[in-house]
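Inspection log for the structure reproduced underneath, given as structure tokens.
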Amino acid sequence: MATKAAENKKIQIDVRPDGIAWVKINRPESLNSLTRQMIIDLARGFRSLDADDSVKVIVIHGAGRAFCSGVDLTAAEDVFKGDVRDVDTDTVFQMDRCRKPIIGAVNGFAVTAGFEICLACDILIAGRDAKFVDTHSRYGAAFLSPKCRVRIGNRVYSDTPDLASGSKNWNGRAIQTSGVRVWFGIFPSWGLSQKLARVIGPNRAREVSLSSMVVTAEMAERWGLVNHVVEPSDVLKKAQEIAERIVKNNHDLVLRYKAVINDGLKVSLGDALALEKVMACACHQNPILLL
């Protein structure tokens, strides 16, 4: 058994001889909330697994009582200081571009960023204790910045001199300074605002995201968000079972089939059907690739 893990072991990657790679979010004391380094390690991990020819299927799961409770808001400044358009450190972008099938094995809470990681999986297995929540519209976060530009009413404060002492009120929130305490909303950037509606329908997605309601495992299965609901103790076993069935199939065809399904979902039905024809022709004209 070959094990590849990040140095801090908050993200553990276990590549097994059967072709199944297990990715564990391993910060159970914080319900697997994500620090910036964990996000980077996940992105790098999926990029590495995609390039590893020994890996046929990937299973991602969380240690302890939760799958992933989202971003660690106590470290929000560090987490959000990067450019959300930086695809090299974007976990979900790397999951979306990964050619290998990804199975999400979900126990406990999958909150916001954790919910977005679930939506980047190809197949989801949920324990009966699983709960999916989008809190983007509920919370903001704050951090101290030595330089900023803030508009309060009709006045713009630049580089903090006007806010260097005391406090102001902005939309009902006081900005206390020693530098400046900047409040910002955490807006989805890993696809939740777009993917969820495509899976469960726009009306349900609006309710889930605008009200921050809890989606139980049973609701998720009924709405088509998860494939199977099992006892919490059986989640990894079910994921292993499905992964083994995939591994037994022709790997090249599995990769092509996943690609045509996922790419087809991004375009109109007419364009998707044309894409299928192109892929079929490529397979028929190059049968040696399928051996």
Side-chain angles (χ1 to χ4, degrees), residues 2-16 20-52 54-125 130 132-136 186-192 195 235-236 239 243 258 262:
T3 299
K4 305 173 184 177
E7 287 184 9
N8 61 11
K9 300 191 185 301
K10 299 299 183 186
I11 301 299
Q12 297 182 350
I13 300 178
D14 181 10
V15 180
R16 300 183 183 179
I20 303 171
W22 294 79
V23 178
K24 180 191 285 187
I25 305 173
N26 188 42
R27 198 184 178 210
E29 70 279 5
S30 298
L31 298 180
N32 297 321
S33 61
L34 300 172
T35 63
R36 179 165 178 76
Q37 188 58 52
M38 290 169 69
I39 292 170
I40 293 171
D41 288 343
L42 276 171
R44 290 174 176 169
F46 275 100
R47 188 164 64 246
S48 175
L49 293 174
D50 185 52
D52 188 338
S54 72
V55 174
K56 311 302 182 186
V57 184
I58 302 167
V59 179
I60 182 169
H61 62 109
R65 298 184 296 116
F67 175 76
C68 173
S69 61
V71 166
D72 183 354
L73 294 182
T74 66
E77 179 179 6
D78 185 50
V79 171
F80 294 107
K81 70 182 180 183
D83 187 343
V84 296
R85 297 167 296 184
D86 180 3
V87 298
D88 290 336
T89 60
D90 186 322
T91 295
V92 168
F93 180 90
Q94 295 301 329
M95 291 178 71
D96 285 341
R97 71 176 293 277
C98 182
R99 297 166 301 141
K100 318 294 176 63
I102 301 172
I103 300 172
V106 184
N107 270 326
F109 279 99
V111 180
T112 312
F115 199 165
E116 290 178 301
I117 290 174
C118 289
L119 288 169
C121 295
D122 299 297
I123 297 168
L124 283 177
I125 314 301
F132 303 86
V133 191
D134 178 8
T135 62
H136 280 111
I186 301 171
F187 202 78
S189 61
W190 279 0
L192 213 162
K195 291 180 179 178
V235 169
L236 296 184
K258 169 180 168 169
N262 288 3

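- For CZ of Arg65, the number of neighbouring non-hydrogen atoms (other residues, nucleotides, ligands) closer than 6.0 Å is 12 at most.
- Residues Leu34 and Ile25 are in side-chain contact: their nearest non-hydrogen atoms beyond the backbone lie under 4.5 Å apart.
- In this structure, Asn107 CG and Ile125 CD1 are separated by 11.0 Å, a value rounded to the nearest 0.5 Å.
- Taking each heavy atom of Phe67 and His61 in turn, the nearest pair found is CE1-CA, 3.8 Å.
- Pairing each heavy atom of Asn32 with each of Cys68, the nearest pair is O-SG, 3.3 Å.
- Contact check for Ile102 versus Ile60: side-chain heavy atoms found under the 4.5 Å cut-off.
- Nearest heavy-atom pair across Pro28 and Ala63 is CB-O, 3.7 Å.
- For Ser33, the side-chain contact (heavy atoms from CB on, under 4.5 Å) partners at least two apart in sequence or on another chain are Arg27, Ser30, Ser69, Asp72.
- Here the side chains of Val106 and Val235 are not in contact, with every heavy-atom distance at 4.5 Å or above.
- Residues Val111 and Leu31 are not in side-chain contact: their nearest non-hydrogen atoms beyond the backbone lie 4.5 Å or more apart.
- Distance alone, capped at 3.5 Å, is enough to place a donor-acceptor pair between the Thr91 side chain and the Ile39 backbone.
- In this structure, CG on Leu42 lies 11.5 Å from OG1 on Thr89, to the nearest 0.5 angstrom.
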- Message: I'd like to know whether Ile103 forms a side chain to side chain contact (heavy atoms under 4.5 Å, CB included) with Ile20, so could you lay out the CA-CA distance, the side-chain angles of the two residues, the decisive distance to 0.1 Å, and finally the verdict.
- Response: CA-CA 10 Å; Ile103 300 172; Ile20 303 171; over 6 Å; no
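- Qualifying salt bridge (charged side-chain N to carboxylate O under 4.0 Å, His left out) partners for Lys100, counting only residues two or more places apart in sequence or in other chains: none.
- Between atom CD1 of residue Ile11 and atom CD of residue Gln37 there is a gap of 9.5 Å, rounded to the nearest 0.5 Å.
- By the salt bridge (charged side-chain N to carboxylate O under 4.0 Å, His left out) test, Lys258 is found to be paired with Asp122, residues two or more places apart in sequence or in another chain being considered.
- Partners of Arg97 by side-chain contact (heavy atoms from CB on, under 4.5 Å), not counting sequence neighbours, listed by chain and number: Arg47, Asp50, Phe93, Gln94.
- One distance of note links NZ of Lys9 with CG of Asp41; it measures 11.5 Å at 0.5 Å rounding.
- Here the closest non-hydrogen pair linking Ile58 and Phe46 is CG2-CE2, 3.8 Å.
- Ala105 and Val59 get closest at one heavy-atom pair: CB-CG1, 4.2 Å.
- Partners of Asp96 under the side-chain contact (heavy atoms from CB on, under 4.5 Å) rule, at least two apart in sequence or in another chain, are Val92, Ala120, Lys195.
- Contact annotation: the side chain of Cys98 never approaches that of Leu49 to less than 4.5 Å [non-hydrogen atoms, C-beta and beyond].
- Residue pairs that meet the ring pair (Phe, Tyr, Trp, His ring centres under 6.0 Å) test with at least one member in residues 98-118, sequence neighbours left out, are Phe115-Phe132.
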